[in-house]
Amino acid sequence: MKLSELIFGNIDLSREELEKKYPERNFPEGAKVTRLGPSPTGFIHLGNLYGAFIDERLASQSKGLIYLRIEDTDDKRYVEGAVDTIIDSLSYFDINFDEGVTKDGELGAYGPYYQSEREDIYKVYVKELLDKGMAYPCFLKEDEIEAIRELQMSKKDNPGIYGEYAKYRDISFEEAKKRIESGEEFVIRLKSSGHDGEAAKYISVEDAIRGNLAMPENFQDTVILKKNGIPTYHFAHVVDDHLMRTTHVVRGEEWLSSLPVHVELFDKLGFELPIYCHTAQLMKMDNGNKRKLSKRKDPELSLDYYKELGYHKDAIKEYLLTILNSNFEEWRIENPNTDWREFEFSLDKMSTSGALFDINKLDDVSKDVLLRKSADEIYDFLLAWAAEYDIEAKNTLEKYSAGLIKSALDMGRNDAKPRKDLINASQIFDFISYFFDEYFQLRDYMPAEVSKEDGIDILEKYLASYNHEDDNSLWFEKIREIADELGYALKPKDFKKNPENFKGHVGHVSTVIRLALVGRAQSPDIWTIQQLLGETVLRERVARYIDELK
RNA sequence: GGCCCUAUGGUCAAGCGGUCAAGACACCGCCCUUUCACGGCGGUAACCCGGGUUCGAUUCCCGGUAGGGUCACCA
C-alpha cells in the first residue's frame, strides 16, 4: 500500500484524464487568457479594479478571454451574496467575464470555477507528488512550530519548516500510517529540493512588467494541503492556472516573494510557467511616507467611497487608466472623444513603482469625462446618486422640472470654450442648488467697492429696467447704464487704470445682482441664470435682498 | 533581521551614455473676461548619496541610504 492511498483512498481521476478534459485552448497565436481570482469575502476595491483592467485589456485586445474564478480556499466565512457583488461592481466598470462564475451558475468548460469544488482535482496532483517523494504528511503541532521558530530566531536562521527543521520530511510509511490511523491531524508539505543560504541556486523569471527577476530558489517545505484537505493558495494557483490554461497571471507585487514557491511547484508538477505580470501597489501618503493602501484603514481604497462622493464610474476608469499606462493621458488629449477601448494598452508602458492616489488628478480627469456626457446622462447620473446617498437632494430634484435641471447642468457647456464646472455628483448638486428655493440662501455679503446704499440703488434700478425678453447684450447694456449712473466704470480696465475716478466697475455691480439671484459671488453667466429662473422668482429674490439690505 | 521590489519637481511621469532633463495635475503670475469656470501665455520646482567604467553619466557597474513588500495550515 502506498502512502497516498492511505491518505486519499482510491482516486479515480488521473493526470491524463484531466489533461484531456481541460485541453489547450483553441485560440489563435498570441491570444491571452487571463483571470481574476477574488476571494468571496473581500469586496472589490481600487486595487482589484486596477488589476482587473489589466486582465480585461490583455484578454480583450488579444481576442483571448478573461474568466472569473472564486478563490474560496480559506476557512474564513463565505459572505452571502459576495459573488454577485463582485460581478456587479466589476460590470459597473465595464469589466465583464467571458467564462467562469456568473450570477447564476458557471459558464465554460474549464470548471468548476469555485476552488472549493475542485478538491478532487487537487488531490490527483498531491497524490502524484506524494508518490514521487516530492511531498509528505507533516504532523507538526502549532506549538512545535512555534518552538522551532524560536529556536531559529535564537540561531539567526531563517524561520520556517525546511531541511533539518522539517521533522517529518523523511517519515517512514509505518510511522505515518500509525499516526494517521490514530486520527492525528496533518498537513501535506512540499518536500522542497531547494537550498537555503550559500548553497541556494538562483532562479530567474521574466516578468512582463518588471523584466528579469532573479531570486534565490525556494527552500521551504511549504504547506500545499491544509489539514482540512483544502489546498493553500500556492497549490491551487499552480494547478488551476495550468488546467484552466491561463497564459497571463496578473497580480500585485506582494506576491513576488512567493514566486519561488510557485516556480518550484510548476516545475515539480511538470507544468509550463505562465507569464507573470506583477503590478505595483497603489500607495497613500501617511505621515510623510508612502505606504500601501490598506483596505482596513483607508476608506479611499473602497470603490463605494468614490461612488458616495459622486464620482462617475468613467472618471474612476479614466483615472485608473492614466496611472496604468503612462501614455494614456497623451492619447486621451489627442482623442478626446474616442472610446477608451481603442487605446492600445501595453504591459511595458506600466510603471513598476507604486503610484500615490491623487484626488486632484481624479478631479481633473473627471471634469473632462463629464464634459463628454450629455446633460441627459448627467441628469440621470445625478438623480441615481441622490436616490442612494442624499434623499433630501433627490426629493428636491424631483420637485423641479427635468428641463430646468438639465439646462442648469448644461450652462456654458456648449460654447467654443466649454465650461468644466462639473466634477462629482455632490459638487454638481451644490453647483446648481441655487435654482432650488429650499437650497437657495441669501448671503450677508457685499463687494468692498459697493456701499449698502449703492447696493440697494443697483438692485432697484435693475428691477425697474428688467425685461425678461431682452437678449444678453441688450440686458447687459442696461447694467452698464446703471453702473455708469452710480459712478462705476463701464469696463474693469478703466477702473484698474484710474481707480480714483470710480467707486468700482461694472463687475462689482454685476456681483450685487448675482448675490441677489444666486446667493453667491460666483456663478455662470447671469443672463442665462435669469432665463432659467424665470421672471417671477427673479423679482422675488431681488426684492427679498433689497429688504434684507434695508 | 533574511529575501525581494522601487528610487527623476508637491503628485503622476517621459527620457535609458552627450537633452537648456518632455508632458499632465497642483501651485503662482499675466492675458481673456461682468464674477467664476474654460482657454491662452509665462513662472517656481527634480535626476537619493558615494565610488567606479567612460572623453562624457540621470542613464551602465558596485556599494550605501531611504521607502515599500514579504517571511501563515490568509489570499
Side-chain angles (χ1 to χ4, degrees), chain A residues 37-39 41-42 71-76 115 138 140 142 145 153 156-160 185-189 196-197 200 207 210 213-216 220 222-234 236-237 251-260 278 280-281 283 285 288-292 319 322-323 326-327 329-330 332-333 349 351-365 367 371 411-413 415-422 431 447 476 479-480 483 488 490-493 505-511 513-515 518 520-527:
Chain A
S39 68
T41 41
E71 309 210 333
D72 51 356
T73 56
D74 194 0
D75 321 89
K76 275 180 280 174
Q115 289 183 329
C138 170
L140 249 18
E142 221 172 292
I145 293 176
M153 297 274 264
K156 297 215 161 111
D157 275 358
N158 280 312
E185 291 190 311
F186 61 94
V187 299
I188 307 290
R189 286 183 186 272
D196 183 19
D207 184 284
R210 291 163 189 272
L213 295 168
M215 41 184 80
Q220 297 268 355
T222 312
V223 173
I224 56 177
L225 209 62
K226 300 186 258 187
K227 72 178 173 207
N228 59 7
I230 294 174
T232 55
Y233 167 85
H234 309 296
H237 152 56
R251 40 141 80 150
E253 65 180 326
E254 69 271 22
W255 290 106
L256 238 25
S257 52
S258 43
L259 189 55
H278 287 99
Q281 294 283 330
M283 311 292 269
M285 201 50 106
N289 286 133
K290 270 183 172 187
R291 59 146 237 260
K292 176 183 166 184
Y319 174 69
T322 65
I323 54 179
S326 52
N327 54 333
E329 236 182 318
E330 204 173 274
R332 181 46 92 199
I333 291 167
K349 287 276 179 3
S351 171
T352 48
S353 56
L356 224 43
F357 192 87
D358 186 356
I359 197 96
N360 270 325
K361 190 78 182 183
L362 207 212
D363 282 351
D364 183 63
V365 169
K367 283 181 181 179
L371 188 58
M411 287 189 296
R413 296 206 321 146
D415 300 354
K417 289 175 188 167
R419 299 184 66 94
K420 294 186 201 172
D421 297 300
L422 281 21
F431 180 70
F476 194 63
I479 303 303
R480 283 220 160 98
Y488 292 82
L490 295 183
K491 291 181 177 170
K493 266 188 187 159
H505 61 75
V506 68
H508 301 123
V509 173
S510 301
T511 297
I513 297 169
R514 180 171 277 113
L515 283 165
V518 305
R520 33 182 106 161
Q522 291 95 31
S523 80
D525 177 56
I526 299 179
W527 184 82

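Keep in mind the model is a prediction, meaning the values are calculated, not measured. In the text below, chain A, chain B and the rest are named by the order of the sequence lines, each starting its count at 1.
- Among the atoms of the strands shown, only primed sugar atoms or phosphate atoms (P, OP1, OP2) are found under 4.0 Å from some heavy atom of A:K367.
- In this model, the phosphate group of B:G39 is approached by a side-chain N or O of A:K420 to a distance below 4.0 Å at OP1 or OP2.
- One interatomic measurement links the two molecules: CZ of A:F431 to C1' of B:C36, which rounds to 8 Å at whole-angstrom precision.
- The shortest distance between the side-chain N/O atoms of A:K226 and the OP1/OP2 oxygens of B:C74 is below 4.0 Å.
- Looking at heavy-atom distances under 4.0 Å, A:I359 makes no contact with the nucleic acid at all.
- When rounded to the nearest whole Å, the span between CG of A:L213 and C1' of B:U6 equals 12 Å.
- Closest contact between the side chain of A:T352 and the listed nucleotides B:A7, B:G39, B:C36 involves B:A7.
- We find that CG of A:N360 is positioned 6 Å from P of B:A26, with the value rounded to whole Å.
- The CG-P distance, from A:L356 to B:C25, rounds to 18 Å in whole Å.
- Nearest nucleotide to the side chain of A:R419, out of B:A24, B:C12, B:A37: B:A37.
- When heavy atoms are screened at a 4.0 angstrom cut-off, A:K227 is found touching base atoms of the nucleic acid.
- The A:D364 side chain lies nearest to B:C25 when the options are B:A7, B:C25, B:U34.
- Within the 4.0 angstrom heavy-atom criterion, base atoms lie near A:S523.
- Using a 4.0 Å heavy-atom criterion, one finds that A:S510 contacts the bases of the nucleic acid, with or without backbone contacts as well.
- Atoms CZ and OG1, from A:R189 and A:T222 in turn, are 8.0 Å apart once rounded to the nearest 0.5 Å.
- If you check every strand for non-hydrogen atoms under 4.0 Å, A:F357 touches nothing.
- Among the protein residues, A:P492 comes within range of the sugar-phosphate backbone only, with heavy atoms under 4.0 Å from sugar or phosphate atoms but none that close to a base.
- Stacking of the aromatic ring of A:Y233 onto the base of B:C74 is not found under the criterion of centres within 5.5 Å and planes under 30°.
- The side chain of A:M215 sits closest to B:C4 out of B:C25, B:C73, B:C4.
- Nearest to the side-chain atoms of A:V506 among the listed nucleotides B:U34, B:A37, B:G23 stands B:U34.
- Taking atom NE2 of residue A:H278 and atom P of nucleotide B:U70, one finds them 13 Å apart after rounding to whole Å.
- The side chain of A:S351 places an N or O atom within less than 4.0 Å of a non-bridging phosphate oxygen (OP1 or OP2) of B:A13.
- The CG atom of A:L256 sits 18 Å away from the P atom of B:G2 (whole-angstrom rounding).
- Counting non-hydrogen atoms under 4.0 angstrom, A:A521 reaches a base of the nucleic acid.
- For the pair A:K493 and B:C32, the criterion of a side-chain N or O lying under 4.0 Å from OP1 or OP2 is met.
- At the heavy-atom level, A:V187 lies under 4.0 Å from base atoms of the strands shown.
- As judged by a 4.0 angstrom heavy-atom cut-off over every strand, A:N327 is placed among residues making no nucleic acid contact.
- Taking 4.0 angstrom as the limit, A:R520 places none of its side-chain polar atoms (N or O) nearer than this to OP1 or OP2 of B:U35.
- Residues A:R514 and A:S523 bring a donor and an acceptor atom of their side chains to less than 3.5 Å of each other.
- Taking atom C1' in both B:A7 and B:G15, one finds a spacing of 16 Å when rounded to whole Å.
- Atom-to-atom, CG of A:D415 to P of B:G40 comes out at 15 Å; the value is rounded to the nearest Å.
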